[in-house]
Structure formats: C-alpha cells, structure tokens
Amino acid sequence: NAGVTQTPKFQVLKTGQSMTLQCAQDMNHNSMYWYRQDPGMGLRLIYYSASEGTTDKGEVPNGYNVSRLNKREFSLRLESAAPSQTSVYFCASISVGYSGNTIYFGEGSWLTVV
Amino acid sequence: AQTVTQSQPEMSVQEAETVTLSCTYDTSESDYYLFWYKQPPSRQMILVIRQEAYKQQNATENRFSVNFQKAAKSFSLKISDSQLGDAAMYFCAYKDRGGADGLTFGKGTHLIIQP
C-alpha cells in the first residue's frame, strides 16, 4: 500500500502565484488533514476534513482553501502565495473510532515562496 | 482547546546513556491518546510510542518508554541506551479519542546524541 501520497515534494513559487498541493490516501480513511511545519513551531493544523464532503478550519487557515474531492483525495490550495507561507506541508489521514486512532503522514511538501 | 507543551527546546545525551524528554498537556477530556513522534532531518514523521489515557500501564517499545501521569497531565519519554540514530526532533502530540479534529502538537525537542 502507498499510504498517504503528497505531490509535489518540492516547489518554488513567486509571491502572488497560486498552486495546489495534492494528497491521496488508499486506506479508506474518513478523516484527512493538512498541517504546516515552521521552525520552532511544531506542526499546526491548517484545515481538516472529517468525512467526504465536509471541511473545517484548523488553527492557521488564513490564505488557504481546501477541497475534499472524494474519500481518497484532499487538496490544499494557495490562491496568492506569500513569503509567510514558506513551510513544509504535511497531509495526514486517520481512521477515527473506538477501534483505534492510527495517524498516517505523507512525506511532506517543501514549499518556498520568493 | 487542548494545548501541548514541551519545555525543552534541545537536549543532549552521551551515547549509551538514558535521556528523558518532558511533555505536559492541558485538556478537559478524560478519554484521549498521547503520542511521541520522531522526525529525522528527512522530515518523515515516525511514530515512536502511543499511550491510551484509560490505560494505567505505561507504554513501552523496546528502548522507549513513557511515564504517563494522568492527574498531573504529564507524558514524558525515556530513551534508554541512546544510539546515534536516535538524534532527531521529537514531538509530543495529543488527540481526543473520538474527535476528528486531528492531533495537537508540542513545539518539539531537538535531541543531540554525543558519541
């Protein structure tokens, strides 16, 4: 199984450009997440999707939009990139329930905005 | 909202020695999970150990063990017989058992292993 797959792995953007980070999971998980990681800040939640067709804001949603295209895919869009969005982005998925809460992370997407 | 605090930005230990990383958290929930993740320079997130709040017994995975103090809301990680490969960032994380709003992370502890 591939687990959680993120693309692209590396991207350099100019200020004001737009782009979409793609995430797909093949584990039939209901919930999916986008985090960003900045130096000294740990991972912070941008948006999450508890189930297909629903999305909710996390701790740092400003400047981002998301789409839960289907149960497998959860994309993160930067409409007008800013240098403050330079970060490493992680997608994750989880099967929520009393049977277990194992979280699976993608390998990260390194985004630089110049 | 839950918060997770790691008060040690950096720790250093001699190879083969034991080191303990601290984590405290704040929650009003009684049923939750706590995690320690290891992040090497590749940035891959590797689950080290998981503790379920309703289990009194501390979790253990080989050289890694935790000291879970529910009343004190403390969750420390002990690494025994430290190895060079243990050098990494370590993150403590919290999750409600039934919630769908993901993990809450601490800011991390950078662990250095001295040869």
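In what follows, every chain begins at residue 1, and chains take the letters A, B, ... in the order their sequences are listed.
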Residue-level contacts of residues 43-62 of chain A with chain B, using a heavy-atom cutoff under 4.5 Å: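 Result: A:L43, A:L45, A:Y48, A:A50.
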
Residues of residues 103-114 of chain A contacting chain B, heavy-atom criterion under 4.5 Å, by residue number: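 If one takes a 4.5 Å heavy-atom cut-off, the residues of residues 103-114 of chain A near chain B are A:I103, A:F105, A:W110.
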
Partners meeting side-chain hydrogen bond (donor to acceptor under 3.5 Å, both in side chains) with A:E79 (sequence neighbours left out):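 Partners of A:E79 under the side-chain hydrogen bond (donor to acceptor under 3.5 Å, both in side chains) test: A:R77.
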
A:Y35/B:L103 under side-chain contact (heavy atoms from CB on, under 4.5 Å): CA gap, chis, key distance, verdict: CA-CA 10 Å; A:Y35 288 89; B:L103 298 174; 3.6 Å; yes

Side chain, backbone, both or neither of B:Q39 within contact of chain A (heavy atoms, under 4.5 Å):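 Side chain of B:Q39 only, per the 4.5 Å heavy-atom cut-off to chain A.
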
ring-ring contact (aromatic ring centres under 6.0 Å, His included) against A:F90, all qualifying residues, sequence neighbours excluded: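 For A:F90 there are no ring-ring contact (aromatic ring centres under 6.0 Å, His included) partners, ignoring immediate neighbours.
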
Top contributor to chain B interface from A:M32, A:M41, A:Q37 [non-hydrogen pairs under 4.5 Å]: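 Most heavy-atom pairs within the cutoff with chain B belong to A:Q37.
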
Does atom [atom1] of [X] have more than 12 heavy-atom neighbours from other groups under 6.0 Å away?
X: B:K38; atom1: NZ; answer: yes
X: B:K78; atom1: NZ; answer: no
X: A:N70; atom1: CG; answer: yes
X: B:Q57; atom1: CD; answer: no

Most chain A-contacting option - heavy-atom pairs closer than 4.5 Å, from B:Q44, B:H110, B:M45: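 So the answer, after comparing B:Q44, B:H110, B:M45, is B:M45.
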
